[in-house]
Structures are given as structure tokens and as C-alpha cells.
Amino acid sequence: MSRLRLSAQCRSALVTGASAGLGLAFARALLDEGVAVWGTARDAARLSPLTGHAEFHAVELDLGVPDAAVAAFARADTAAGGFDLVVHNAGYGLFGRFAEVGDQAWEEQVRSMLLTTARLSRAAFRGMLTRRRGCLVHVSSLAVEFPLPFMSGYNVAKAGLAALGESLMAEARGTGVSVVDFRPGDYRTGFNTAMQGRRNPGADPVERRVWERLEATLAAAPAPERAARDLLRAVARGRSGVVRSGSFFQARIAPALASVAPSSWRRAAEARYFHLG
Ligand SMILES: NC(=O)c1ccc[n+]([C@@H]2O[C@H](COP(=O)([O-])OP(=O)(O)OC[C@H]3O[C@@H](n4cnc5c(N)ncnc54)[C@H](OP(=O)(O)O)[C@@H]3O)[C@@H](O)[C@H]2O)c1
């Protein structure tokens, strides 16, 4: 990737979920730009692909343990002298019908990916507003516009993050701080391998077809480096906004069609795509 000279405006960054997939690509791209990176995982040993880099700092952070996650963020933020960039990327899928997924698993997903992430965002945003500089990124998903079947908790968490992003964009006007709602389409990561819930729903033909479609789509998706390139360009622009990233169809054509077509059209197209019957 060609250099954006990002380190001139961004000396330090925190990336949650930097041990794999998109977060690992974001962390690598930022380090390549000369930005000092604090990267998180639930187990610091998982950050070994990055620990050899002199400007990388490993942080243990589990979104499932909210108070400890907030404390870990505060320690890292102090060590960095206040982050110029915070990328809330950590997340996971939970697959299963709403009627059948247990309350605990469903609520845990919304708590981790929306409520705890929002607490970390508040801490980051506060510091940035005080310094009158910085960029806060929420990695939501194109699932905000095209909800994924049998992933209701995920869709709710991501829609909530997108709404939080829009709220903060309004509050950030004129402050020197920018807020980006980064919406990836499908990217070839270990997301489906880490999926919680019913991974092999053999007994239910509709669930099986949807799962097979999710697997096939991810296998054929672009590599995470493309998302890293799009994210860094968005940060370099220094402006708040929604940024869609992914294949040309997913990130450009489908949202453009959906913005002019009735929502019944979008639902029918999705049902067809996922063979919902
Ligand atoms: N891949 C896609 O197609 C796609 C599309 C749209 C949006 N996204 C979003 O992009 C983000 C990254 O996904 P990915 O595809 O890169 O998935 P991935 O390869 O499974 O990586 C997920 C990362 O999140 C961390 N993580 C997961 N659960 C966590 C928790 N409870 N607390 C703290 N960290 C946690 C993991 O760290 P450890 O397991 O090492 O702790 C890992 O670093 C997610 O928010 C996902 O929803 C992905």
C-alpha cells in the first residue's frame, strides 16, 4: 500500500481485536505508516504476529468483562499519552434462530459488542474532545443495511454501533475530532470459524442453506488488506462519515440500489440470495 504519511496526524492508535482478521490487518497497516499501535486480544499470546515490532504494544482486553476492559483501555491510553486514533473492531458472530438462541448468549453479544464498546468509546471520545484532536472508528458492518439471517443479536449490536456513530458525528462537529462508522462487507477472515451458536445446523434445511451461503461468500471475499487500505484512507481524510468497504457489488452497487428501492425489494432480494424459501 502506498504511504499516506498518516503518522504526521496520528502518532498512536488503539485497535481492538488485533490478533486476527481485519484488526490484524489494520494494526499492520498502521505500523507500516509509522504509527505506534496498541493492539488488544483476550489472550496476549494471540498477538504474537505483531509483538516483534518495536512500535507495537500488546493489551489484554475482553469485552465480556466490562470493568476490566475499561481499566485496560485507560491504562493503555495513559501509556500512549492519549490515543489519536481508536478503532473499535473486536467482535464475533452468534448464529441461530432468535426463538432458539438462549437469553444469555444473545444478551452477552449485545452487551459486549454494543454496551461495553460504547463505554470504551466514551472514554476515548472524552480524551479526544479535551485534546481537540483524534479519530474514533466503530467497525460496524454492511449488516446494518442488509441484516444477516439468523444473526439477530449481531444485527442489533451493529445497528446500535452505527446509531452511536451518527450521534457522535453530530457531537464532534467543530471540535477537531472525527468519527467514522466503518462498514465492511464480507472479508476473508476467521469470522465464521469463531462463530458461536449452531455452527452445523444439519437438521434445519433453511439454516443449513444460509450457513453454506455464509461460508461460500466469506471464502470468495476479498483479503482484509483491502479493508485496511480503505480504513487508513478514511482516517487520513480527517472527516466524520460512513465508510463502506468491500467488493464493488457489496460496498457500492447494493447500498445504492437499496437507497432507492422499497425495503420490501431488499428483503425479497436477501431471501433469494440466502435461499430462505
Ligand atoms: N469478516 C467479515 O466479513 C466482516 C464483515 C463485517 C464486519 N466485520 C466485523 O469486523 C470485526 C473483525 O472481524 P473479523 O472478521 O476480523 O473476525 P476474526 O478474524 O474472528 O477476529 C475477531 C477479533 O475480535 C476479537 N474478539 C472477539 N471476541 C472478543 C471479545 N469478546 N472480547 C475482546 N475481543 C474479542 C478476537 O480476539 P481474540 O479471539 O484473540 O481475543 C479477534 O482479534 C468484527 O467486529 C466483525 O463483526 C467482519
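Just so you know, ligand 1 is whichever comes first in the structure, and atom 1 is the first atom listed for that ligand.
- Geometrically, ligand 1 and Thr189 share a nitrogen or oxygen pair separated by less than 3.5 Å.
- Within ligand 1, counting atoms from 1 as listed, the ones closer than 4.0 Å to a heavy atom of Ser140 are 7 (C).
- Between Arg42 and ligand 1, a contact under 3.5 Å exists for at least one N or O pair.
- Formation of a donor-acceptor pair under 3.5 Å by the Asp230 side chain with backbone atoms of Ser245 is not found in this model.
- Salt-bridge formation is not detected for the pair Arg42/Glu60: no Lys NZ or Arg NE/NH1/NH2 atom is positioned less than 4.0 Å from an Asp or Glu carboxylate oxygen.
- If you check which protein heavy atom lies closest to atom 16 (O) of ligand 1, you get Leu22 N, 2.8 Å.
- When each atom of ligand 1 is checked for a heavy atom of Gly190 under 4.0 Å away, the hits are 19 (O), 20 (O).
- Every atom of ligand 1 with a heavy atom of Gly21 under 4.0 Å away is listed here by number and element: 16 (O), 19 (O).
- With hydrogens and angles disregarded, no donor-acceptor distance shorter than 3.5 Å links the side chain of Asn155 to the backbone of Val144.
- No salt bridge links Glu225 with Arg28; every basic N to acidic carboxylate O contact stays at or beyond 4.0 Å.
- Ring centroid separation for the pair Trp211 and Phe150 does not come in under the 6.0 Å cut-off.
- The closest protein non-hydrogen atom to atom 5 (C) of ligand 1 is Gly185 O, 3.0 Å.
- Close placement of the Tyr154 and Phe191 rings is indicated, their centers lying within 6.0 Å of each other.
- Counting protein heavy atoms only, atom 13 (O) of ligand 1 is closest to Phe191 CD1, 4.1 Å.
- Residue-ligand proximity, Leu218 to ligand 1, at heavy-atom distances under 4.0 Å covers atoms 3 (O).
- For the pair Arg133 (side chain) and Gly176 (backbone), a donor-acceptor distance under 3.5 Å is absent.
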